[in-house]
Amino acid sequence: MTEQDDNQLIAQRREKLQGVRASGIAFPNDFRRTHLTAGIHEQYAEHDKEDLESMAVEASVCGRLMFKRVQGKVSFAGLKDGSGSIQLFLQRDNLGDEAYASFKSLDIGDVVGAEGMVFRTNRGELSLRVNSLRLLTKSLRSLPEKWHGLSDTEIRYRQRYVDLIMNDDIGEVFRKRSAIVESIRRFMLKHGYLEVETPMMQPIPGGAVARPFITYHNALDMQLYLRIAPELYLKRLVVGGIERVFEINRNFRNEGLSTRHNPEFTMLEFYAAYADYNDLMDFTERMFREVADNVLGELSFQYQGHDIDFAPSFHRVSLKQAILDHNPDIEAAQLEEPARAADIALRFGIQLKDSYGLGKIQLEIFEATVEERLIQPTFVTQFPAEVSPLARRNDDDAFVTDRFELFVGGREIVNGFSELNDAEDQAERFRQQAADKDAGDDEAMHYDADYIRALEYGLPPTAGEGIGIDRLVMLLTDSASIRDVILFPQMRPEN
RNA sequence: GGGCCGUUAGCUCAGUUGGCAGAGCAGCUGACUCUUAAUCAGUAGGUCCGGGGUUCGAAUCCCUGACGGCCCA
């Protein structure tokens with residue numbers, strides 16, 4: 001970028017960098033540290049001033065200069081590395097005139113290496129009495145204000161590097177995110193699941209009801225879709241005999257952005273042969289408890305002002321019953337007839353389309369009146385077959401499927417079901433979806449002939465599930481927006 | 001896509017009824033040998049988001065566009 005938005009501040013720093021260039025290697029890469037700052041605090045937390053003087057511990061640290069307090073012939077500075085930070089103490093008489101002067105010319109934000117003795121100041125703060133200091137990387141742009149930090153959300157998302165420098169909280173969110181994913185992966189591996197990677201670019205997008213991104217492969221001269229879900233590939237693998245399989249990876253959906261939606265988001269998706277959706281609900285409860293315990297150290301936590309507890313058995317309720325529970329004025333019979341159910345939907349201001357059957361209307365009523373009130377972990381089961389084109393029908397009631405979604409904090413986190421493994425039924429449902437697509441529903445599914453062929457070889461009785469990792473991270477980090485748990489959320493171009 | 005709110009110095013923010021563009025931090029100059037948002041004195045720094053309009057005069061009022069946030073679809 002050669003753009004000249006150089007203001008006075010940047011110009012001054014460029015001038016300093018010129019001076020550094022003139023006197024040797026401006027961007028050295030031969031400084032090696034002996035300690036992380038957090039390690040020093042850990043190791044010497046218990047030692048008092050006298051102890052440390054007699055121990056004479058030498059240490060080299062490196063990191064970014066976060067503050068500078070020059071007071072004549074002695075100065076304090078803050079050095080921050082990836083682990084934490086430590087105070088530097090610099091004396092002219094210790095460093096020498098030249099080195100002390102060059103310290104004074106450093107700017108907040110510069111990356112430095114410091115070598116010295118661990119000690120405590122008169123006020124008791126564990127610090128490093130610096131014997132030598134080197135500039136490792138000159139910073140040309142001034143950091144945000146030390147007290148208020150960086151709060152402009154737009155800059156925080158666009159320039160996440162500045163956000164990470166200034167806001168320790170956000171670094172903690174992404175360390176937790178990593179711990180969550182690691183914990184989930186361990187849990188899956190421990191239970192005999194094989195981790196795989198299936199196509200992100202698919203000739204036929206499937207496995208979910210969503211609009212895909214379209215791209216183009218030049219050599220093959222064909223249109224490809226970024227996947228909206230890995231589902232149909234993972235189930236092909238179950239056909240192939242990989243009886244327990246999972247994938248943690250990105251899905252892409254060409255839809256609006258909100259505090260709960262980013263066009264690319266991360267899902268755990270897994271399948272288990274010879275298991276049903278009840279098994280998966282049990283499995284999910286165990287997973288969530290283990291992850292919370294590993295990452296938070298406890299099973300209860302706060303989310304946006306709500307106390308949430310993973311310890312008790314997660315509540316399980318059918319979709320229809322959930323509607324009735326939260327709407328005392330609705331009677332069960334009203335939800336059974338399309339016309340009466342439509343009346344209820346209209347009462348809640350829901351806009352119905354002609355193509356909506358009873359199942360879709362029930363789902364709309366559920367979403368409008370129940371979803372956001374499911375704060376404690378709740379499995380909602382028995383989703384209508386109409387809105388579950390890949391799920392197995394219930395043996396006793398063909399109107400619904402053996403499917404569940406898990407809601408926590410008023411949000412859907414998990415979607416799982418016993419898989420539809422009847423190739424003929426699946427073909428029929430694909431035909432219906434394809435007809436909807438021809439009729440103008442651009443979220444409807446494509447007919448995937450190869451997937452039908454796979455089913456014709458025989459998919460064992462199987463259950464599968466998808467867990468929205470971003471939303472789970474939001475929950476466990478008390479983040480209000482999905483953008484706070486995605487390092488580089490999707491934004492419009494700046495200019 | 002719709003509604004509401006926001007955009008002023010590197011950052012955090014003031015800006016009265018439409019009347020000279022402001023503060024703190026950061027920067028620069030100087031003082032200061034144990035500071036904790038160090039302190040003190042001085043100093044520099046602006047496309048008031050862009051475009052158009054009203055007006056003697058617009059950061060401020062009107063129109064329009066861009067970007068962001070929240071809510072809704």
Side-chain angles (χ1 to χ4, degrees), chain A residues 3-17 19 49 52-53 64-80 85-97 100-101 103-110 116-117 119-130 138-163 165-167 211 254-262 304 345 348-353 364 367-368 371-372 410 443 479-484 489-495:
Chain A
E3 147 225 359
Q4 289 303 306
D5 63 357
D6 285 24
N7 57 27
Q8 187 189 25
L9 297 176
I10 294 179
Q12 282 165 351
R13 290 188 179 209
R14 282 194 196 282
E15 212 166 298
K16 287 182 185 177
L17 175 58
K49 192 172 166 65
L52 289 168
E53 292 300 336
R64 194 179 293 276
L65 222 47
M66 296 304 288
F67 69 82
K68 222 179 106 188
R69 295 183 198 120
V70 177
Q71 32 191 47
K73 301 178 182 63
V74 63
S75 295
F76 298 86
L79 179 140
K80 176 178 173 171
S85 58
I86 194 161
Q87 180 172 262
L88 304 180
F89 179 71
L90 305 103
Q91 285 169 298
R92 190 196 62 176
D93 294 349
N94 201 28
L95 280 172
D97 283 347
Y100 191 67
F103 158 73
K104 286 205 283 188
S105 77
L106 293 179
D107 289 295
I108 290 168
D110 286 350
M117 303 278 258
F119 82 115
R120 274 187 199 281
T121 63
N122 292 343
R123 296 287 180 84
E125 178 159 350
L126 195 66
S127 306
L128 192 72
R129 182 185 286 117
V130 176
K138 184 67 194 168
S139 167
L140 297 177
R141 290 178 182 263
S142 57
L143 290 175
E145 200 220 350
K146 61 187 167 192
W147 187 240
H148 298 95
L150 178 65
S151 58
D152 184 309
T153 47
E154 185 168 354
I155 302 178
R156 289 189 49 224
Y157 296 151
R158 288 192 196 279
Q159 302 181 42
R160 185 67 92 181
Y161 36 92
V162 181
D163 192 24
I165 291 171
M166 297 307 297
N167 298 321
R211 206 175 311 175
N254 205 341
E255 293 164 355
L257 286 71
S258 80
T259 49
R260 290 181 300 283
H261 299 87
N262 196 61
Q304 304 292 297
F348 291 114
I350 297 166
Q351 298 208 343
L352 298 176
K353 294 181 188 161
E364 292 283 334
E367 286 176 354
E371 182 164 343
E372 65 178 11
E443 284 193 340
S479 300
S481 169
I482 197 169
R483 297 183 199 97
D484 295 323
Q490 198 58 241
M491 303 279 274
R492 284 195 167 86
E494 271 180 84
N495 298 312

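Worth knowing before you read on, the calculation uses all heavy atoms, side chains too, and leaves out hydrogens, waters and symmetry mates. Reminder, nothing fancy here: chain letters follow the sequence lines and each chain counts from 1. Bear in mind the structure is a predicted one, so any value in this text is a computation, not a measurement.
- Using a 4.0 Å heavy-atom criterion, one finds that A/Thr259 contacts the sugar-phosphate atoms exclusively.
- Remark: the separation of the P atoms in B/rG53 and B/rA58 is 12 Å, to the nearest Å.
- Evaluation of atom-type donor-acceptor distances gives a pair under 3.5 Å for the side chain of A/Gln87 against the base of B/rU35.
- Between A/Ser151 and B/rU12 there is a side-chain N or O to OP1 or OP2 distance below 4.0 Å.
- Residue A/Met491 is in sugar-phosphate contact alone, with no base atom involved, counting any heavy-atom pair closer than 4.0 Å across all strands shown.
- Ionic pairing of A/Lys138 and A/Asp107 is present here: one or more N-O contacts between side-chain nitrogen and carboxylate oxygen are shorter than 4.0 angstrom.
- Across all strands, A/Ser127 comes closer than 4.0 Å to no nucleic acid atom at all (heavy-atom distances).
- Among the protein residues, A/Ile155 comes within range of the sugar-phosphate backbone only, with heavy atoms under 4.0 Å from sugar or phosphate atoms but none that close to a base.
- At B/rA26, none of the side-chain N or O atoms of A/Arg69 fall inside 4.0 Å of OP1 or OP2 (strictly under the cut-off).
- B/rG45 sits 24 Å from B/rC40 when the P atoms are compared, rounded to a whole Å.
- Remark: A/Ser75 is not in phosphate contact with B/rU33, judged by side-chain N or O atoms under 4.0 Å from OP1 or OP2.
- When the side-chain nitrogen and oxygen atoms of A/Lys16 are compared with OP1 and OP2 of B/rC28, one or more of them lie within a distance under 4.0 Å.
- Counting any heavy atom pair closer than 4.0 Å across all strands shown, A/Arg483 reaches sugar-phosphate atoms only and no base atom.
- Within the 4.0 angstrom heavy-atom criterion, only backbone atoms of the sugar-phosphate kind lie near A/Ile108; the bases stay farther away.
- No N or O donor and acceptor, one from the side chain of A/Gln71 and one from the base of B/rU33, sit under 3.5 Å apart.
- Comparing B/rG3 with B/rA59, their C1' atoms sit 26 Å apart, to the nearest whole Å.
- Across all strands shown, B/rC72 is found opposite B/rG1 as a Watson-Crick or G-U wobble partner, with both distances under 3.5 Å.
- At B/rG68, one or more side-chain N or O atoms of A/Arg158 fall inside 4.0 Å of OP1 or OP2 (strictly under the cut-off).
- Nucleotides B/rU16 and B/rA21, compared at atom P, are 13 Å apart to the nearest Å.
- Residue A/Tyr157 is classed as a sugar-phosphate contact, given heavy-atom separations below 4.0 Å to backbone atoms only.
- Computed from coordinates, the A/Arg123 CZ to B/rU33 P distance equals 16 Å when rounded to whole Å.
- If you check every strand for non-hydrogen atoms under 4.0 Å, A/Gly149 touches sugar and phosphate atoms only.
- Residue A/Thr121 is in base contact, counting any heavy-atom pair closer than 4.0 Å across all strands shown.
- Going from the C1' atom of B/rG68 to that of B/rA31 covers 44 Å, rounded to whole Å.
- For the OP1/OP2 pair of B/rC11 and a distance below 4.0 Å, the side-chain nitrogens and oxygens of A/Lys146 include no atom meeting the criterion.
- Put simply, the side chain of A/Asn122 and the base of B/rU35 share no donor and acceptor less than 3.5 Å apart.
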* Please lay out, stage by stage, how A/Arg129 and A/Glu53 fare under the test salt bridge (charged side-chain N to carboxylate O under 4.0 Å, His left out). => CA-CA 11 Å; A/Arg129 182 185 286 117; A/Glu53 292 300 336; 3.6 Å; yes
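- Residue A/Asn7 places none of its side-chain N or O atoms closer than 4.0 Å to OP1 or OP2 of B/rG45.
- Pairing of B/rC40, defined by two Watson-Crick or G-U wobble distances under 3.5 Å, is identified with B/rG30.
- The distance from atom CD of A/Gln351 to atom P of B/rG1 is 17 Å, rounded to the nearest whole Å.
- Of all nucleotides present, none satisfies the Watson-Crick or G-U wobble test against B/rG18 with each distance under 3.5 Å.
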